[in-house]
Amino acid sequence: MKIAIVSQYFFPETFRINELTEELVRRGHTVTVLTGLPNYPKGSFFSGFGLLRGPWTQEYHGAQVLRIPLLPRGRGKSWQLALNYLSFVLFGLLFGVQRLKQHGPFDCVFVWASSPITAAIPAIVYGRATKCPVHIWIQDLWPESVAAVGATKSSLMINLIGKVVRWIYKRSDLLFTQSPSFSESLKCWGARDEQIVYLPNWADHLFENPPPRLPTSPRGQDDFRVLFAGNLGHAQDMPTILKAAEQLPQDGSIKIILVGQGSRREWTEAQIRQRGLEKVVFLQPPRPLEDMPQLYHDHDVLMVTLTPDPHLSRVLPSKVQSYLATGKPIVAAGDGEIERTIEKARCGLVGPAGNAQRLAENILSMAKMSPSQLQLLGENGHSYYWEEFSQSKTIDKLVNTLNSAGVAHKSKEAA
């Protein structure tokens, strides 16, 4: 197949769409990627990229990458993110659609729709102009996620975003969802049952095929380490983590290590000092992806949390797949998909989202487990990952579905 991928984010930013592109090329497909200038997560353009100088055309593992201008996300304030999202749509319509036409025709356009869903708009305009099917892999639910993270409290704005979402769904061919629970929301905004296909995320290849592990870094005799890695934002519920930390022993025998960047990082750093948690909670900067398998290995338990919210209960954070693939036990505070996955995998302990007392109790329970008990939980999670989330199975399903959709589209056009 000749596939156009549209994604606001792409290499050197670290996202799953990079691996998908590589694998599609490896399987013999011709891939062209339309994307913006890399600026996630720091909010400024990566070294070697600029608003006036591009570069506008690159090659990535055999795929051609077409870049368009956009405004960087800055410090991640709501107005900065809005300009970042809108600029991708605007420049996508002004330049991206024409660039795709120059490199087409394509058998399909595939949109990787992490926030924002609006990144699909240039793809749909191109698809309509060329009669090319447009498929979207939905990583986050809009408009629900906008309200869940507190980006806006305006019902007028939420309804306006909802109308945009309805417009996108109506003009798309297939809607792939990273969580089975997404279907209800999609149908509320106009999606049809026949459009919806479940396609889970997988873990980065570094977790599926980790490098040889070094010995665990030295620690105290009674040092039990809990790691939270990833975005430190509103949705990740830093307050519950800190409240749970207050209920743990304050002698440092149990440590919570937060590794990452995000809108709540500065707040979290200040709260650690104000609450006197310097011996319990440790804030570390983001680490390169290649360091993460070893980092996971160096900790006893891996943690995931989400803010209590009906929308977020439908989301399975992609870090869960990485945790499972690593073969480490998980402690969680989350509803819905997080709870269902951990219980089915039998890989750890989970309590309700926002329940700091339950999270603290679960951490204490796991700290009392023997090494063999923790190892069994990790092995259960590892087995479950390969049954449900492996990259090869997921991409097999994607390619087969795209092929079938292409045949149906051609038959419809010929009729």
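Of the possible polar contacts, one joining the N400 side chain to the D396 backbone as a donor-acceptor pair under 3.5 Å is found. A distance-only check finds a donor-acceptor pair linking the side chain of S313 to the backbone of P310 [under 3.5 Å]. Remark: side-chain polar atoms of Q250 are paired, donor with acceptor, to backbone N or O of A245 under 3.5 angstrom. In this structure, K328 contributes its side chain and H299 its backbone to a donor-acceptor pair below 3.5 Å. Panel note: side chain R171, backbone W167; a donor-acceptor pair is recorded below 3.5 Å. Distance alone, capped at 3.5 Å, is enough to place a donor-acceptor pair between the K319 side chain and the A229 backbone. Counting only distance, with no hydrogens or angles, the side chain of R314 and the backbone of S179 share no donor-acceptor pair below 3.5 Å.
Proximity of V111 to H135: side-chain heavy atoms (C-beta onward) are nowhere separated by under 4.5 Å. For the pair I136 and I117, the minimum side-chain heavy-atom distance is below 4.5 Å. By the 4.5 Å heavy-atom criterion applied to side chains, I5 and F10 are not counted as neighbours. Contact check for L227 versus M303: no side-chain heavy atoms found under the 4.5 Å cut-off. Here the side chains of L20 and W202 are in contact, with some heavy-atom distance below 4.5 Å. Between L324 and F389 there is a side-chain heavy-atom pair separated by less than 4.5 Å. Residues E388 and P200 have side chains not in contact (no heavy-atom distance under 4.5 Å, counting atoms from C-beta outward). Side-chain contact between T118 and F88 is absent, with no heavy atoms from C-beta onward closer than 4.5 Å.
Using modelled atom types, one finds a donor on one side chain and an acceptor on the other under 3.5 Å when comparing Q58 with R67. In the model, D140 has a side-chain atom that pairs as donor or acceptor with a side-chain atom of S115 under 3.5 Å. Checked by atom type, the side-chain pair N201/Q139 shows a donor-acceptor distance below 3.5 Å. Side chain to side chain, Q236 and N231 meet the donor-acceptor criterion of an N or O pair below 3.5 Å. A side-chain donor-acceptor contact under 3.5 Å links Q391 and E19. In this structure, a donor-acceptor pair under 3.5 Å is absent between the side chains of S44 and R73. If you check the side chains of S372 and S370, you find a donor sitting under 3.5 Å from an acceptor. No hydrogens or angles considered: a donor-acceptor pair under 3.5 Å links the side chains of S181 and E337. Using a 3.5 Å distance cut-off with no hydrogens or angles, the side chains of D309 and T307 do not pair a donor with an acceptor.
Counting all heavy atoms, side chain and backbone alike, P286 lies closest to Q261 at CG-CB, 3.6 Å. Closest of all the heavy-atom pairs between A353 and P308 is O-CG, 3.4 Å. Residue D291 comes nearest to R287 through the heavy atom pair OD2-NE, 3.7 Å, listed as atom of the first residue, atom of the second, then distance. Contact detail for R275 and P239: the closest heavy-atom pair is NH1-O, 4.5 Å. Taking all atoms of both residues into account, the shortest heavy-atom contact from A191 to I196 is CB-CD1, 4.3 Å. The two residues Y126 and V97 come nearest to each other via the heavy atoms CD1-O, 3.9 Å.
The aromatic ring centres of F15 and W112 sit less than 6.0 Å apart. Aromatic pair Y323/F207: centroids not less than 6.0 angstrom apart.
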**Prompt:** Where do L232 and W267 land on the side-chain contact (heavy atoms from CB on, under 4.5 Å) test, with the steps shown first?
**Reply:** CA-CA 10 Å; L232 308 178; W267 178 89; over 6 Å; no
- Dump the intermediate steps for side-chain contact (heavy atoms from CB on, under 4.5 Å) on F282 and I256, then the final yes or no. CA-CA 6 Å; F282 300 83; I256 296 177; over 6 Å; no
I'd like to know whether N18 forms a side chain to side chain donor-acceptor pair (under 3.5 Å) with E22, so could you lay out the CA-CA distance, the side-chain angles of the two residues, the decisive distance to 0.1 Å, and finally the verdict. CA-CA 6 Å; N18 303 342; E22 290 181 48; over 6 Å; no
message = Using the rule given for side chain to side chain donor-acceptor pair (under 3.5 Å), can you reason through D237 versus T240, listing the C-alpha separation, both sets of side-chain angles and the distance that settles it, and then say yes or no?
response = CA-CA 6 Å; D237 199 6; T240 291; 2.7 Å; yes
* For L93 and V125, what are the C-alpha separation, side-chain angles and deciding distance, and is it a side-chain contact (heavy atoms from CB on, under 4.5 Å)? -> CA-CA 8 Å; L93 294 173; V125 171; 3.6 Å; yes
Subject >> Trace of the side-chain contact (heavy atoms from CB on, under 4.5 Å) decision for L359 with V331 >> reply: CA-CA 8 Å; L359 178 60; V331 64; 4.0 Å; yes
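Taking CD from E208 and OG1 from T326, the interatomic distance works out to 10.5 Å, rounded to the nearest 0.5 Å. The OG atom of S185 lies 11.0 Å from the NZ atom of K187; values are rounded to the nearest 0.5 Å. Taken to the nearest 0.5 Å, the CD1 atom of I3 stands 5.0 Å off from the SG atom of C108. Distance check, rounded to the nearest 0.5 Å: CD1 of I254 to CD of Q247 gives 12.0 Å. In this structure, CG in L283 is found 6.5 Å from OG1 in T268, a value given to the nearest 0.5 Å. Atom CG of L258 is separated from atom CE of M238 by 6.0 Å, given to the nearest 0.5 angstrom.
Checked against T35 for a side chain to side chain contact (heavy atoms under 4.5 Å, CB included), the options L70, V65, I68 give a single hit: V65. Of the options Y60, F49, Y40, a ring-ring contact (aromatic ring centres under 6.0 Å, His included) to F11 is made by Y60 and by none of the others. Between H29 and the options V399, D107, T21, a side chain to side chain contact (heavy atoms under 4.5 Å, CB included) holds for only V399.
Every pair passing side-chain hydrogen bond (donor to acceptor under 3.5 Å, both in side chains) that includes a residue from residues 5-14 is listed here, sequence neighbours excluded: Q8-N84.
Electrostatic pairing of D204 and R16 does not count as a salt bridge here, judged by no charged N lying under 4.0 Å from a carboxylate O. Ionic pairing of D335 and R340 is not present here: no N-O contact between side-chain nitrogen and carboxylate oxygen is shorter than 4.0 angstrom. A salt bridge links R26 with E23; the closest basic N to acidic carboxylate O contact falls under 4.0 Å. For K255 and D223, the salt-bridge test passes: some basic side-chain N is under 4.0 Å from an acidic carboxylate O.
The side-chain tip of K397 does not point at the ring of F176 from less than 6.0 angstrom away and within 45° of straight on. A cation-pi arrangement, defined by a distance under 6.0 Å to the six-membered ring centre and an angle within 45 degrees of its axis, is present between K2 and F106.
Counting non-hydrogen atoms of neighbouring residues, nucleotides and ligands closer than 6.0 angstrom, the CD atom of E387 exceeds 12 such neighbours. The number of heavy-atom neighbours closer than 6.0 Å to CZ of R27, taken from other residues, nucleotides and ligands shown, is above 12.
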